[in-house]
Amino acid sequence: MTFAAFSGAFLIGFGPAIAVIAITVSRQAFLSLVTLTSTFYWLITLLSIAFLWRPFIALTSLSDFFLLLLILSAVACQELSRQLLCQILNRLEQGLNVIATSRQLPPLSPLNTFHLSLATGLGHGIAHSVFLFLSVSSPAIGPATFYSWRCPQLPLVLLAAIASAAFLIVHSLGMVLAYDAHKVQLIKGTGPSTGHQSIRGAQEAQETKPLRDSQPTGEAPTRQETSLAMEWRFSLPSSPQEMCAPALHAATAVSMLMGLFTGGCVTAVVLSWLCALASIVVVALLVHARGDRGVH
């Protein structure tokens, strides 16, 4: 594969990420930091999942059922990690609003919240693309073109790039869906609970106490003591909106199983990109609905 062909495959695989970074993330240094932190978080998460599931890889050679079970369990672990990240992101948003209030600045707008969740999801997509695309791209630059015997229609690197782009879109927009669902549950005061863990109410106000009560009227406090203690909780999705991101993630992962069958890689690519397009449509409908209601 020539360098030009490899560059094209690279742009296909990381094109959505490059576009989001150029248009949104690069304009705010804080979003760049969030994206880098999220990427590192998901790299650690994916490495941990791979380490835990490594002893069971041999079972996948016995039956396709074990491979499907392995993929779905890995998706479930990632979705649990996404719930944890949503709670971290919510505390981060609360902290930013506290800082903004202390400096007499407006709180985060719905657009800021959207950008924050998108940057976080972008980190997930980039981390997944690193595993899926860069892991097979090292031998790509050379005189030969690599093919998989299961997929003689598409070069291996091109197939990985197309699948990588689909996963990147699904993960990036999946975080937007998951975080919006998380905030909706907090607003309703019926956030997910395990039934045995006590948690804070969804509408619990941030506890702030000025350290200097004798400041002149109109002067903003110089520092505030803020209680943003985190209490973790995990549960299965309980609403259609909460189920949307895990469902798209699982559907994309399962669709790629078609590539394991001879001649099924084209079907796998089509199905994975249908999932990516579905996530785009769902997020577009969500943004439109939130805009009409004037809420985020």
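It should be emphasised that the depicted structure is a prediction, and the values quoted were computed from it without experimental measurement.
- Taken from CG in Leu89 to CD in Gln94, the straight-line distance is 10.5 Å, to the nearest 0.5 Å.
- A chain of hydrophobic side-chain contacts below 4.5 Å, direct or via other Ile, Leu, Val, Met, Phe, Trp or Tyr residues, connects Val157 to Leu11.
- Hydrophobic clustering (side-chain heavy atoms under 4.5 Å, transitive across Ile, Leu, Val, Met, Phe, Trp, Tyr) groups Leu286 together with Ile280.
- Judged by distance alone, the side chain of Ser255 and the main-chain N or O of Thr252 form a donor-acceptor pair under 3.5 Å.
- The same ILVMFWY cluster, assembled from side-chain heavy atoms under 4.5 Å apart, contains both Phe133 and Ile18.
- No side-chain donor-acceptor contact under 3.5 Å links Arg91 to the backbone of Gln87.
- Grouping the Ile, Leu, Val, Met, Phe, Trp and Tyr side chains by contacts below 4.5 angstrom, directly or via other members, places Val287 with Leu277.
- Rounding to the nearest 0.5 angstrom, the gap separating the NE2 atom in His182 from the OG atom in Ser117 is 12.0 Å.
- Across all non-hydrogen atoms, the minimal contact from Thr39 to Gly123 is OG1-CA, 3.2 Å.
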- Task: Given side chain to side chain contact (heavy atoms under 4.5 Å, CB included), test Gln78 with Leu46 step by step and report yes or no.
- Result: CA-CA 8 Å; Gln78 290 184 59; Leu46 294 174; 3.7 Å; yes
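- When side chains are defined from C-beta on, Thr24 does not count as touching Leu122, because their heavy atoms never get closer than 4.5 Å.
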- Task: Take Leu96 and Asn112 through the test side chain to side chain contact (heavy atoms under 4.5 Å, CB included) and record every step on the way to the result.
- Result: CA-CA 11 Å; Leu96 291 174; Asn112 295 139; over 6 Å; no
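- Side-chain contact check for Met175 versus Leu118: every heavy-atom pair is 4.5 Å or farther apart.
- Between atom CD1 of residue Ile162 and atom CG of residue Leu154 there is a gap of 5.5 Å, rounded to the nearest 0.5 Å.
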- Task: Before giving the answer on side chain to side chain contact (heavy atoms under 4.5 Å, CB included), spell out for Cys86 and Asn90 the whole-Å C-alpha distance, their side-chain angles and the decisive distance to 0.1 Å.
- Result: CA-CA 6 Å; Cys86 283; Asn90 183 59; over 6 Å; no
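- Ala245 and Gly174 make their closest contact through CB-O, 3.4 Å (heavy atoms, listed as atom of the first residue, atom of the second, distance).
- No donor-acceptor pair closer than 3.5 Å links the side chain of Ser172 to the backbone N or O of Ile169.
- Sorted by first and then second residue, the pairs that involve residues 26-46 and meet ring-ring contact (aromatic ring centres under 6.0 Å, His included), not counting sequence neighbours, are Trp42-His124.
- The side-chain heavy atoms of Val75 and Pro246, taken from C-beta on, include no pair separated by under 4.5 Å.
- Linking Ile, Leu, Val, Met, Phe, Trp and Tyr whenever their side-chain heavy atoms come within less than 4.5 Å leaves Leu52 and Ile44 in two separate clusters.
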- Task: With side chain to side chain donor-acceptor pair (under 3.5 Å) as the test, would you mind laying out the steps for Glu93 and Thr113 before giving the verdict?
- Result: CA-CA 8 Å; Glu93 183 182 355; Thr113 303; 3.2 Å; yes
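- At least one side-chain heavy atom of Ile88 sits less than 4.5 Å from a side-chain heavy atom of Leu84.
- Side-chain N or O atoms of Ser38 include none that pairs as donor or acceptor with a backbone N or O of Val34 at under 3.5 Å.
- Pairing each heavy atom of His249 with each of Arg82, the nearest pair is ND1-NH2, 4.0 Å.
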